[in-house]
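Let me begin by presenting the structure, written as C-alpha cells, before commenting on it.
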Amino acid sequence: MFGRKKRSDDYDEYDDRYEESDAYDADYGAAAHTEDAAFDDDAAFDDDVDTADIPVIDPADATKAGPYDYEDVAELLTAVAEQRLDLGSVIIPVPPGGQLQVEMTPDGTPQAVHLATDHGRLTVAAYAAPKSPGQWRTVAADLADSLRKDGAKVAVESGPWGRELLAITEGADLRFIGVDGYRWMVRLVAAGPSGAADAGTPLVAAARAMLRETVVRRGTDPLPVRDPLPVVLPPQLADQLTAAHQAQVDAQQEQLAAQAAAAAQQSAGSVIPPRMPQEPRRGADGSAMQQLGLN
C-alpha cells in the first residue's frame with residue numbers, strides 16, 4: 001500500500017548496547033473462546049523440527065507489503081488516517097465488524113488491545129529489537145518451548161514472512177506471526193476455536209491482511225530488546241475507558257457502603273437490652289414489708 005523511502009541511520013546509538021533479556025512475555029492471553037481444541041495429527045507436531053531453513057513464501061510480495069516502519073510512511077499516513085487505529089507504537093487497520101477490547105493493568109494503564117472478529121481474536125503488539133533482524137526467530141523458539149511446557153501442541157509452519165507458530169491449547173487454537181523491522185519486532189496472535197488458526201482459514205487470512213497494513217512507530221527512546229513498546233489509546237477512547245472505569249469504581253464503592261450499612265443495621269437489631277435490677281415483690285395491698293406491718 002505504502003511506498004518506502006531511504007532510511008537514515010540517525011538512531012545508530014541506540015539498542016545495540018543492550019543484551020537480550022532472558023525474560024519475555026510468552027503469555028498468549030486468555031482465549032476468546034472456551035471450546036476444547038482437539039487435534040489428532042500428531043505427526044504434524046514435531047518437537048524437533050529444524051526451523052533454520054524454513055522458506056519465505058512469495059518474498060517479492062512480502063517485501064512490497066508491510067508491516068511498515070513509521071519513518072518510511074509517515075507522510076502517506078494522513079491520507080488513510082481515518083481508516084486506521086493509532087495505538088501509539090502500532091497503527092493498525094480495523095477489519096469489518098471488528099470490536100475493540102482493551103486489556104488494562106490493575107493501575108488502569110492499557111496493556112494490550114484486541115480486535116474481536118466473527119472468527120476469533122487478533123492482537124498486534126510491537127517490541128524493541130536490535131537494528132539487525134533475527135529476533136523473531138529466537139523469540140519463536142522460546143515461545144514454542146514455553147507453550148509446550150504448558151501442555152500445548154506446537155507446529156512450526158511457513159508463512160509470508162517466514163516461520164509461524166501454530167499452537168493447539170486446551171481452550172483455543174493460536175497462531176503467532178512475527179516480523180523483524182529496524183529496531184523493532186511486531187507480533188500478531190490469532191486466537192480462535194478448534195481449527196480456526198489453521199492455514200487458509202478466514203481468521204488467518206484476516207490476520208495476515210492486518211499485518212500487511214500495520215505500521216510500527218518505534219520512537220527514539222533506548223529500550224532493552226524484547227521490551228514491549230507502549231500502547232497509547234486515542235483520546236476519545238481513553239476518555240470513554242476512564243469514564244467507564246470511574247463508573248465501575250463508584251458502583252463498587254456504593255455496593256460496599258450498602259453492605260456496611262446493612263451489616264450495621266443487622267448488628268443494631270440484635271442488641272440485647274441491659275437487664276434491669278429486680279424490685280421487691282409487691283402484692284395487691286402493697287409490698288411484703290407493708291403487709292407484715294399491718295398484721
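It should be emphasised that the depicted structure is a prediction, and the values quoted were computed from it without experimental measurement. For the numbers below, each heavy atom of this structure counts, side chains included, while hydrogens, waters and symmetry mates do not.
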Closest non-hydrogen atom pair between [X] and [Y], with its separation:
X	Y	value
Ala126	Val216	CB-CG1, 4.0 Å
Ala128	Pro224	CB-O, 3.5 Å
Leu147	Ala167	CD1-CB, 3.8 Å
Val204	Ala197	CG2-O, 3.4 Å
Ala196	Thr201	O-OG1, 2.6 Å
Trp161	Gly178	CB-O, 4.2 Å

How about [X] and [Y]: do any of their side-chain heavy atoms sit closer than 4.5 Å?
X	Y	value
Val102	Met104	yes
Leu87	Leu85	yes
Val73	Val215	yes
Leu122	Leu203	yes
Tyr127	Met185	yes
Pro160	Glu164	yes
Glu103	Pro110	no
Gln135	Arg226	yes

So, [X] side chain and [Y] main chain: donor-acceptor pair closer than 3.5 Å or not?
X	Y	value
Gln240	Pro235	no
Ser89	Arg217	no
Asp86	Ile91	no
Thr214	Met210	yes

(message) Around atom CD of Gln259, are there more than 12 heavy atoms from other residues, nucleotides or ligands closer than 6.0 Å?
(response) yes
Below 4.0 angstrom, N of the basic side chain to O of the carboxylate: do [X] and [Y] qualify?
X	Y	value
Lys153	Asp173	no
Arg175	Glu157	yes
Arg208	Glu213	no

(request) Please check if any side-chain donor atom of Asp69 sits under 3.5 Å from a side-chain acceptor atom of Trp184, or the reverse. (result) yes
(request) Indicate whether the side chain of Tyr70 and that of Arg218 have a donor and an acceptor atom separated by less than 3.5 Å. (result) no
(message) If hydrophobic clusters are built from ILVMFWY residues whose side chains come within less than 4.5 Å, do Val232 and Val90 share one?
(response) no
(request) Among Thr123, Leu211, Val179, Leu143, find the residue that satisfies the side-chain contact (heavy atoms from CB on, under 4.5 Å) test when tested with Arg187. (result) Leu143
(message) side-chain contact (heavy atoms from CB on, under 4.5 Å) for Leu174 and Leu166? Distances and angles first, verdict last.
(response) CA-CA 6 Å; Leu174 307 164; Leu166 173 63; over 6 Å; no
(request) Hey, could you give me the OG/CZ distance between Ser158 and Arg163, rounded to the nearest 0.5 Å? (result) 9.0 Å
